[in-house]
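See below for the structure under consideration.
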Amino acid sequence: MVATSLVLLLVLLGISIPVGAALGVLGLILDPLYSMLPLTRAIGEVSWSTSNEFLLVAIPLFVMLGEILLRSGLAEKMYNAMSLWLSWLPGGLMHANIGASALFAATSGSSVATAATVGTVAIPQIQKKGYNESLFLGSLAAGGTLGILIPPSINLIIYGVLTNTSVPKLYLAGIIPGIGMAALFMLAIAIACIAKPKWGGEKVSATWGQRMASLVHLVPPLGIFMLVVGSIYAGIATPTEAAALGVVGALILAASVGRLTLPMLRDVLEGTMKATAMIMLIVIGAAFLNFIMAATGLTTALTQTITGLDVSPTTMLIILVVFYLVLGCFMETLSMMITTIPIVAPIMIALGYDPVWLGIVIIILVEVALITPPVGLNLFVVQSLRTSGSMNAVMIGSLPFVIMLIAMVAILAVVPDLALWLPRVFS
Amino acid sequence: MKLSSERYVLLNRLLRAATSLSRLAIWVAGGLTLASALYITADVITRKFFSIALGGSDELSGYAFAISISWALAFATLQRANIRIDALYQLLPARVCALLDWIALVGLAVFAIYLTWYASDVAALSWERNATANTVMATPLWIPQFLWAIGLIWLCVVLALMLIRSSIALVTGDIDTVRAICGIRSTQEEAAEEAEAGVRMVRGDA
Amino acid sequence: QDKVAGLPKTQLQVVGGLSNLTAYQNHEQPFWTKTIPELSGGQVTATIKGFNDMGLKGPEILRLVGQGVIPIGTATIAYFASDNPINEAIDLAGLAPDVKTAKEITEAFQPVYEKFYGKNNVKVLGFSTYPAQVLFCNAQISGLSDIKGKKVRTSSRTTAEFVQALGGSSVTIPFGEVVPALQNGVVDCAITGSMSGYSAKWYEVSTHLYALPINWNQQIHAANQGYWDKLDPKVQDFLQKNIKVMTNAIWEAAARETQEGYDCNTGADACKQPVKGKMKLVAPTDADRALLKKITAETVVPKWAARCSAECVADFNDTIGKALGITAKK
Ligand code: NA
Ligand code: NA
């Protein structure tokens with residue numbers, strides 16, 4: 001049963017049926033295969049309750065926030081400021097890619113938006129400044145993944161929804177690992193470029209005066225961060241409400257630099273809804289499949305297979321990592337989270353792992369999934385921003401960052417307080 | 001959408017009309033989301049700074065969310081924005097890809113039809129039972145559910161048009177048209193559009 | 001409970017209540033997976049999953065039971081207030097300030113539900129309850145009248161109307177967000193089960209526990225009529241009898257847990273849990289009980305009666321109304 005379903009899933013995805021539809025169609029197939037009940041009828045109710053879930057309203061709001069920031073030209077200025085500060089390092093602008101991604105992540109809830117925004121600004125620099133294309137693209141894809149670790153984060157919201165964990169606590173827990181992750185990414189770039197100096201490309205030289213002057217461009221993103229994340233801890237807003245505040249803040253920012261026009265707004269709305277509709281099609285497909293899997297006993301079969309192993313918490317953690325690494329190669333991340341967390345989280349929490357800590361670990365593994373082939377959304381995003389070239393360049397360039405992400409999981413396993421210290425201090 | 005074969009004038013015209021209508025729908029959807037953001041913000045501000053809150057922002061934005069998704073789906077599908085896995089796809093010859101594109105469209109249509117059918121069922125049941133939300137606002141649920149189902153029905157109409165046109169194209173061996181209707185967006189196409197958007201962004205009118 | 005021999009081989013699929021609550025863990029799950037197979041000599045077996053583990057939200061469950069998607073299911077009856085206000089009848093805010101009354105009115109109204117759901121292709125198997133839903137406040141509160149001017153997290157229309165009748169404003173936020181909301185003052189109070197609030201550590205972020213049950217979240221146990229009719233009559237008998245035993249046990253446990261929730265949130269000696277809260281227990285006075293009854297009779301019930309059908313109001317008056325001395329007017 002488990003094997004059949006897995007094979008079916010791989011076939012449906014492999015022949016490139018849209019992911020949301022593939023999950024849904026798998027549900028439609030599994031229902032008559034393993035159940036006497038008319039389970040498919042539930043698709044209406046399941047998709048309605050998924051579609052009007054208030055916490056998920058944060059998704060279009062965060063996408064919209066990113067679209068507005070992108071189109072208001074703030075991202076470009078922020079990127080340039082980062083490049084003045086960071087590009088003296090071995091690897092030059094690639095450090096600016098990471099730095100700008102980390103900063104943009106603090107205003108954006110999604111990895112895709114982060115990669116798209118920073119990527120749009122950065123990619124023209126590859127040829128201009130003679131960088132190793134592959135590593136440069138990899139740093140963009142990987143930097144983008146910080147979008148879901150550094151708060152605000154759509155994926156942390158979804159983890160919170162699925163496990164009944166406090167989203168504000170998860171946000172706090174993501175901050176230190178997020179900064180640490182950015183540092184590890186930079187380390188990877190530095191090591192690579194010290195070993196192969198010609199990968200590094202041309203550096204941007206800057207005086208201290210230029211650097212200090214550029215700081216003003218970091219104010220808008222930090223302002224948005226304060227609005228979106230600060231309002232939660234100030235007790236003013238819930239996470240979804242904070243996202244709405246961010247949208248309004250970004251609109252005001254865009255208006256203040258004279259970029260808020262009707263055509264711009266139209267593009268923002270179109271882009272937001274196109275992305276949201278596609279994400280939600282997957283969420284709906286996954287919610288339906290999740291129901292079918294539970295109702296046919298597939299979930300139980302899976303859980304029993306896992307708990308039947310009867311292993312130590314540490315071994316289970318290693319299994320979890322391998323599981324997500326493998327699954328992450330093939331599955332879109334939101335659908336992966338939505339289908340696996342209801343099974344995985346209870347097992348891990350029963351073994352004594354902290355739900356907040358586990359959330360951060362899973363998010364890092366999801367970040368890996370975003371940049372591992374064949375299915376890695378950030379790889380696609382970065383690829384789609386280029387004018388030419390094969391996808392392979394992005395995939396290969398992302399590999400060093402995959403290693404760093406896995407290293408971060410190991411560090412978190414040894415020092416759980418990296419994630420848990422802030423939430424403890426604040427409560 | 002450019003169709004290389006102009007022999008099926010009526011069908012092509014229908015598809016273009018559907019695209020225009022879908023574009024309108026996605027603007028409405030985006031407008032709803034923007035309105036949600038504004039209303040939620042107003043709700044937060046009145047709650048924080050005045051003793052009386054507007055209230056209901058969670059409930060109303062939830063409905064707006066559901067409706068906006070379903071209304072946006074048709075245009076996103078016409079734009080081939082669906083997330084598809086091309087690991088195998090990109091290794092295959094163009095003819096096989098065209099077949100896979102068509103199968104992907106069929107897969108999407110199958111899922112969409114089941115979804116739409118039972119979504120309409122949900123709205124109909126709420127209508128029949130006079131169901132109202134379990135909140136102070138007591139919104140009659142058939143209203144948002146009906147609007148939600150309409151978006152899905154429109155998606156099915158659009159999918160049917162796409163399917164008819166691409167089936168003809170597939171049978172007549174017109175691979176370019178199949179790709180134009182339901183292919184995975186090529187890097188070139190994507191890049192052209194990004195560049196266009198980039199130019200407009202630099203000019204400052206987008 | 002007696003063992004029953006000679007039952008035909010039967011395999012059941014059950015969707016239970018919230019799987020993180022004790023009603024599921026201590027009663028429903030062992031009942032379907034241990035008790036039923038044991039008592040039937042292994043002839044009747046069942047699988048069970050909490051509805052939340054199936055990705056369901058709750059309000060769709062009875063619809064799905066009616067459609068045969070879920071053969072046997074459990075859910076909070078008040079969830080279905082959206083489909084018909086009759087589902088609020090036994091759980092209107094303030095109606096049952098103690099477990100005895102709650103059980104009494106639930107049993108009095110059960111025949112009405114059986115008739116009502118019979119029309120929707122749903123066979124009612126019985127009713128149980130969660131522990132009392134009470135107020136956790138991160139604010140000084142000494143009685144019901146202190147709700148005036150407070151922001152209270154509610155999760156249903158009737159409790160929201162109740163809070164508003166007291167002069168408070170009702171706020172809806174997800175269960176998982178209540179702790180930070182209480183902590184940061186987004187809300188002053190929140191209503192939940194005394195023990196659920198303990199499990200979710202609400203005692204860490206609130207100071208006063210008001211020991212007056214506002215409502216109960218009674219659970220309906222039901223089966224799809226067609227599915228039920230296809231079961232062997234001997235199996236039907238067997239299940240019906242034992243479900244009665246199970247629901248009675250859940251009622252008793254709910255009463256115990258309500259008290260345990262009071263004890264553990266407030267750090268009383270009676271609490272057996274390793275971690276104890278330090279909340280102040282506010283016991284309701286006679287004046288509070290009188291106010292509760294007044295608000296219920298004069299605001300909550302009339303508002304509800306206005307949205308329920310004439311037949312539904314008449315049924316209420318014949319059963320619950322008679323027991324409590326409240327008459328709803330249509
Ligand atoms: Na973020
Ligand atoms: Na991947």
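Here is the naming used below: chain letters follow the sequence lines, and residue numbers restart at 1 for every chain.
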* Between A:L260, A:V25, A:T276, A:I236, which shows the greatest number of heavy-atom pairs under 4.5 Å with chain B? -> A:I236

* Structure fact -> chain A shares the most heavy-atom pairs under 4.5 Å, among B:A76, B:S57, B:S36, with B:A76

* To do: Would you mind checking which part of B:Q145 comes under 4.5 Å of any heavy atom in chain A, side chain (CB onward), backbone (N, CA, C, O), both or neither?
  => both

* With a 4.5 angstrom heavy-atom cut-off, which part of A:L28 approaches chain B: side chain, backbone, both or neither? -> side chain

* Option passing side-chain contact (heavy atoms from CB on, under 4.5 Å) with A:S51 (candidates B:W148, B:F65, B:Y63) -> B:W148

* **Toward chain B, the part of A:E45 with a non-hydrogen atom under 4.5 Å** => both

* Asked: Is chain B contacted by the side chain of A:L56, its backbone, both, or neither, given a heavy-atom distance below 4.5 Å?
  -> both

* Asked: Between B:V106, B:I103, B:L115, which residue shows the highest count of heavy-atom pairs closer than 4.5 Å to chain A?
  -> B:L115

* To do: May I ask you to name which of A:A42, A:A237, A:S47 has the most heavy-atom pairs under 4.5 Å with chain B?
  => A:S47

* Among A:V248, A:I17, A:V57, A:L281, residue most engaged with chain B (heavy-atom pairs, under 4.5 Å) -> A:V57

* To do: Go through the side-chain N and O atoms of A:E67 and A:T272 and say whether any donor and acceptor fall under 3.5 Å apart.
  => no

* Structure fact -> Max heavy-atom pairs within cutoff under 4.5 Å with chain A, candidates B:Y114, B:Y89, B:F75, B:W117, goes to B:Y114

* Pick whichever of A:G271, A:G20, A:A244 has the most heavy-atom pairs under 4.5 Å with chain B. => A:A244

* Drop me the distance from A:L12's CG to A:I29's CD1, to the nearest 0.5 angstrom. => 5.0 Å

* Structure fact -> Note: vs chain B, highest number of non-hydrogen pairs under 4.5 angstrom among A:V247, A:L13, A:I59 is A:L13

* To do: Check the pair B:S22, B:W154 against side-chain contact (heavy atoms from CB on, under 4.5 Å), reporting the backbone distance first and the verdict last.
  => CA-CA 8 Å; B:S22 302; B:W154 177 244; 3.0 Å; yes

* Salt-bridged, B:D174 to B:R179, with N to O below 4.0 Å? -> no

* Spacing of CD1 belonging to B:I181 relative to CG belonging to B:L163, to within rounding of 0.5 Å -> 9.5 Å

* Going by atom types alone, do A:N378 and A:S111 pair a side-chain donor with an acceptor below 3.5 Å? -> no

* Do A:L269 and A:R266 come within less than 4.5 Å of each other through their side chains, counting heavy atoms only? -> no

* side-chain contact (heavy atoms from CB on, under 4.5 Å) evaluation trace for B:L108 with B:L159 -> CA-CA 8 Å; B:L108 186 57; B:L159 278 169; 4.0 Å; yes

* Tell me, side chain or backbone of B:D58 under 4.5 Å from chain A's heavy atoms, or both, or neither? -> both

